[in-house]
Protein chains: 2
Amino acid sequence: MFFSKTCEYAIRAVLFIANRSEDAPKAGIQEIAQGIDSPGHFIAKILQVLVRNGLIQSTKGPNGGFYIDSQNRQYTLADIVKVVDGERLFKGCGLGLSQCSETKPCPLHESFKGIRQQIYETLTSTKIGEFNEALNQGLQYLKER
Amino acid sequence: MFFSKTCEYAIRAVLFIANRSEDAPKAGIQEIAQGIDSPGHFIAKILQVLVRNGLIQSTKGPNGGFYIDSQNRQYTLADIVKVVDGERLFKGCGLGLSQCSETKPCPLHESFKGIRQQIYETLTSTKIGEFNEALNQGLQYLKER
DNA sequence: TTATTAAGAGAGTTTAAAGTCTTTTATTGG
DNA sequence: CCAATAAAAGACTTTAAACTCTCTTAATAA
C-alpha cells in the first residue's frame, strides 16, 4: 500500500525476530521465511541489509541466526522504512514532481501534508518490540495461514 | 508516494484537461504531454483508459482532442485512482497480507485504519475542477519547469 | 583442526511497470 | 468524396523490482 514489497517483508521479519528474541535465542533464515511466509532467499537478502545497517544482529555458524538485542528493541518502524525504501514516503511529492515544495507546490501538496505527517508519527512512534504480546496471543498475524 | 507513476500522470493530465476545458475547447496529446511534462506516447495510453472509463471525453480528427464536460467535472481524485490503481490504496494491507482483516489483523492494521480513512476522505472530497484558479494564477504546478 | 552449520556476497533470472513505435479508425474541412 | 488531422489500438522494448542460485566466509562443536 505505502511500502515496497521488500519493505513489507522487512517489517514482518523484524517483528518476527523481535518476538522470537524475547524467549528463544536466534532465528534462522528458514524459520523466519516460514514464520512470515516469504521466499527464503529473498528475505535472506533483505536481512543482510538490515544487519549491515545495524537494525538487527546476526551470527554465523552452528546456533547462529538473527536476533535483536535489548538496545535495538528501541528501533521504530520508521527506521526500517528509511533503510529499505528511503525517504520517499516521508518527503516525496504525491504527484511525482521532484521540485514540489511549499513555495512551488503541486495541487495536492497541502492535503498530503497532513496525511504524510500522520504516517510519519505513526511509524516513528511504533517500536519494533511492541507487538510481541499480541503476536504470542494469536491476536495479530505476520502471515496468511 | 501512494500512487503508481501511471496514476500520477493520470491525475496531472486530468487536472490539466479540466483546467484547459474551462476556456479553450479541446487539448491534444502533445499539448497535454507538454503541459504536465510526461512522455507523449505513454500519456496517450493512459488517457485511452480514462476515456474508456468515462472520466474524460475525446473526439478524433481535426479540432479533436481531450476534454471534460460539465457533468464529469464532478468526478473526484478517488475516481481516477480507482480506475488506474484499483482499490489497493483503499483496501490493501499495509504489510501485504491478502487476508488481513478486522478479525485477523496484521500488527499495523489498527494504526493504518485512520490513515487510510484520511486518504480516502481527501481523495473523495477533492473534485478534479477545483484547482483551476490556483493553476491559472501560477500558485500550483503540474510540472517541474 | 576439521567437518558442519548458517549467514554473507554476488551474479543471474523473472516479472511487471514504464515507456516507445507503428498501424488503424474516426472526424471534418475543403 | 478525399486529404489531413488526431485519437485508438496493439505490439514491442526497456527498466527496475522481485526473486533465485551458487559459492564464500565465519563460527563452533566434536
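Letters go in sequence order (proteins before strands), and every chain restarts at 1.
- Every residue two or more places apart in sequence or in another chain was checked for a salt bridge (charged side-chain N to carboxylate O under 4.0 Å, His left out) with A/R73, and none qualifies.
- Within the structure, the salt bridge (Lys or Arg N to Asp or Glu O under 4.0 Å) test picks out no pair touching residues 2-15 of chain B (sequence neighbours left out).
- Note on residues 35-46 of chain A: pairs passing salt bridge (Lys or Arg N to Asp or Glu O under 4.0 Å), not counting sequence neighbours, are A/D37-A/R145.
- Screening residues 93-112 of chain B for salt bridge (Lys or Arg N to Asp or Glu O under 4.0 Å) gives B/E102-B/K113, B/E110-B/K113 as the qualifying pairs, with residues at least two apart or on separate chains.
- If one axis is set at each end of the helix from C/dT1-D/dA30 to C/dG30-D/dC1 from five pairs, those axes are 0° apart, to 10°.
- An OP1 or OP2 oxygen of C/dG19 is reached within less than 4.0 angstrom by a side-chain nitrogen or oxygen of B/Y9.
- Shown for residues 34-45 of chain B: residues whose heavy atoms fall under 4.0 angstrom of DNA chain C, namely B/P39, B/H41, B/F42, B/K45.
- Residue B/L47 is out of contact with every strand shown, counting any heavy-atom pair closer than 4.0 Å.
- Chain A approaches DNA chain D over the interval D/dA18 to D/dA29, counting the first and last nucleotide 5' to 3' with an atom under 4.0 Å from its heavy atoms.
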Per-nucleotide protein contact string for nucleotides 23-30 of chain C (B base, S sugar-phosphate only, - none; heavy atom under 4.0 Å): --BBBSS-
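- Remark: A/R52 engages no residue in a salt bridge (charged side-chain N to carboxylate O under 4.0 Å, His left out) (not counting sequence neighbours).
- Scored by the salt bridge (charged side-chain N to carboxylate O under 4.0 Å, His left out) test, B/E31 finds B/R20 as partners (sequence neighbours excluded).
- Judged by distance alone, with hydrogens and angles left aside, the side-chain atoms of A/Q140 form no donor-acceptor pair with the main-chain N or O of A/L135 at under 3.5 Å.
- The salt bridge (Lys or Arg N to Asp or Glu O under 4.0 Å) analysis of residues 118-138 of chain A, with sequence neighbours excluded, yields no pairs.
- With hydrogens and angles ignored, the 3.5 Å screen pairs a side-chain donor or acceptor of B/N53 with a backbone N or O of B/V49.
- A/D79 meets the salt bridge (charged side-chain N to carboxylate O under 4.0 Å, His left out) test with no other residue; sequence neighbours excluded.
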